[in-house]
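Just follow the structure's listing: the first ligand is 1, and inside any ligand the first atom is 1. This structure is a prediction, so every number in the text was calculated from the model and none was measured.
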Amino acid sequence: MNPLYDIKFTEAHLAWREKAHEIAVKYLLPQALQHDKDSTFNEEAFQAAADAGMLGTWIPKEYGGSGDGIMALALMVEEFSKADPAFGVAFAVNALGSLPIIVGGTHEQKAKYLPLVAQGKAACAFALSEKFAGSDAGGLSVNATKDGDTWSINGEKKWTTNGSRANIITCFAVTDPESRSRRISAFIVEDTDPGFSIKKVEDKMGIRSVPVCETVFDNVQVGDDRLIGGKPGFGFKHSMMTLDLARPGVAAQAVGTAAGALELATTYACRRKQFGQAISGFQMIQAMLADMAQKTEAARWIVYATAAHADAGSKGVTKIAAMAKCFSSDVAVEVATDAVQIFGGYGFMEDYPIAKFYRDAKILQIYEGTNQVQRMVIARNLIKESSRHDYLNSVIPGETQESYGAEPVTANS
Ligand code: CAA
């Protein structure tokens with residue numbers, strides 16, 4: 001049977017959501033368009049989030065956080081993204097960059113770095129993707145070689161979100177090129193480490209206020225104390241475990257994007273008059289709004305279910321995390337597109353806020369694993385689970401053939 005997700009909101013969760021809404025209204029809504037235009041980061045909003053203690057919400061209490069988990073992260077990212085999806089992703093990626101330390105770090109690494117993140121003294125980035133290794137996250141070429149006690153990290157990363165703002169960069173590098181399953185290790189790189197630099201800040205279609213960078217690791221030298229978990233070869237696993245916990249964050253960004261676009265479209269439809277009445281009175285507009293609302297609400301609850309599942313420490317979060325990311329990002333793109341339609345000609349103008357939602361939405365289907373990768377992950381898990389449905393064999397007519405469910409499924413299958 002499918003698991004039932006026990007979705008619970010604590011008082012702390014609701015308080016974080018309320019606080020995020022306040023920050024969104026005070027600092028994000030009035031400034032989002034200008035920051036987008038200038039490609040500048042909203043430092044004021046980030047500082048307000050830090051001052052409110054929000055940067056420690058997903059960090060365990062023993063390492064200086066509030067221990068409110070992925071649910072708190074999702075609720076806050078949704079509220080931020082309703083006002084400015086770009087800020088939503090900057091916030092979510094701060095968590096993403098710290099998660100490899102949470103899931104795989106030694107006690108010493110957690111004790112050194114996580115309190116700094118929780119206090120807002122260090123911002124994080126996650127350096128996995130490369131020019132020639134995007135969906136194929138195992139095909140990295142950035143490498144780390146060991147001489148004595150020192151690792152030297154060399155190569156370039158691409159699309160490092162928050163790259164130029166980050167103080168802690170979790171970097172994935174090849175340490176054993178001959179191995180299939182233990183090829184990659186994860187390292188903690190500090191922005192002040194000699195050899196780390198920013199090569200380029202990308203010029204993007206959307207989420208323009210967040211710096212997405214090409215990062216260079218030119219003989220960056222670190223000791224074993226920076227090798228996440230202290231043992232080489234676990235980097236790929238740690239990256240996948242991290243993405244399982246981080247995808248609800250980016251999915252929450254998608255829910256916020258859809259919800260923000262829906263609120264704007266509804267408000268505008270009630271205000272805009274054509275043929276002598278508000279366009280919200282027309283059934284075709286009402287049907288659009290109703291469909292946008294249904295999709296947004298469905299996306300919201302799959303995200304909450306995923307966050308609850310992740311926080312319960314339950315096994316098997318991979319499939320629902322992929323579903324949450326894929327479904328909610330498709331919804332965000334559809335809802336933002338319809339919202340522009342409701343704004344009509346004004347929707348196409350950059351001095352109205354809705355065009356930015358449309359531009360910001362698209363990347364959601366691409367980053368943190370393309371939606372093609374998410375569908376592949378979902379299907380692989382469905383096939384793995386198919387033996388649970390053996391009781392159905394009796395109702396499917398025809399001869400029983402050998403089951404393929406347990407066969408290994410490759411990336412190309
Ligand atoms: N948890 C733990 N272990 C996992 C796992 C998971 N969720 N998924 C896979 N693994 C393990 C497997 O068990 C296997 O281990 P063994 O070798 O010990 O058996 C190993 O990892 C390899 O697994 P696969 O054979 O499934 O690996 P694959 O090469 O076929 O690829 C993939 C899997 C799902 C396609 C993966 O490469 C992937 O997720 N790609 C997308 C990468 C991605 O999301 N990039 C986003 C970058 S971050 C970003 O975008 C942030 C931003 O800017 C906003």
T318 near ligand 1 by a heavy-atom separation under 4.0 Å: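 So T318 counts as touching ligand 1.
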Close approach of R247 to ligand 1, heavy atoms, under 4.0 angstrom: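 So R247 counts as touching ligand 1.
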Do any nitrogen or oxygen atoms of [X] come within less than 3.5 Å of a nitrogen or oxygen of ligand 1?
X    : value
G369 : yes
S181 : no
D136 : no

Lys/Arg-Asp/Glu bridge criterion (N-O < 4.0 Å) met for E202, K158: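 Salt bridge: yes.
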Residues K231, D224: salt bridge by 4.0 Å N-O rule: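 Judged by the 4.0 Å cut-off on N to carboxylate O distance, K231 and D224 do not form a salt bridge.
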Where is the tightest heavy-atom contact between [X] and [Y], given as atom of each residue plus distance?
X    : Y    : value
V212 : W159 : CG1-CA, 3.6 Å
E350 : A355 : OE1-CB, 3.9 Å
A308 : I7   : CB-CA, 4.0 Å

With heavy atoms of [X] as the reference, note each atom of ligand 1 found under 4.0 Å away.
X    : value
M241 : 1 (N), 2 (C)
F126 : 48 (S)
V377 : 34 (C)
L96  : 51 (C)
G134 : 42 (C)
Y367 : 50 (O), 54 (C)
D244 : 1 (N), 6 (C), 7 (N)
T161 : 52 (C), 53 (O), 54 (C)

[options]: member with heavy atom nearest to [atom]:
atom                    : options                : answer
atom 28 (P) of ligand 1 : K319, M240, M376, R380 : R380
atom 51 (C) of ligand 1 : K315, R180, E368       : E368
atom 3 (N) of ligand 1  : Q372, H238, K237, Q374 : K237
atom 31 (O) of ligand 1 : F236, F172, W159       : F236
atom 40 (N) of ligand 1 : G233, A137, A127, S135 : S135

Six-ring centre of F41, R165 cation under 6.0 angstrom, axis tolerance 45°: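 Judged by the rule, R165 and F41 form a cation-pi pair.
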Verify the distance criterion only: is there a donor paired with an acceptor across the side chains of [X] and [Y] at less than 3.5 Å?
X    : Y    : answer
K121 : N167 : no
D68  : T10  : no
S141 : E130 : yes
T160 : T215 : yes

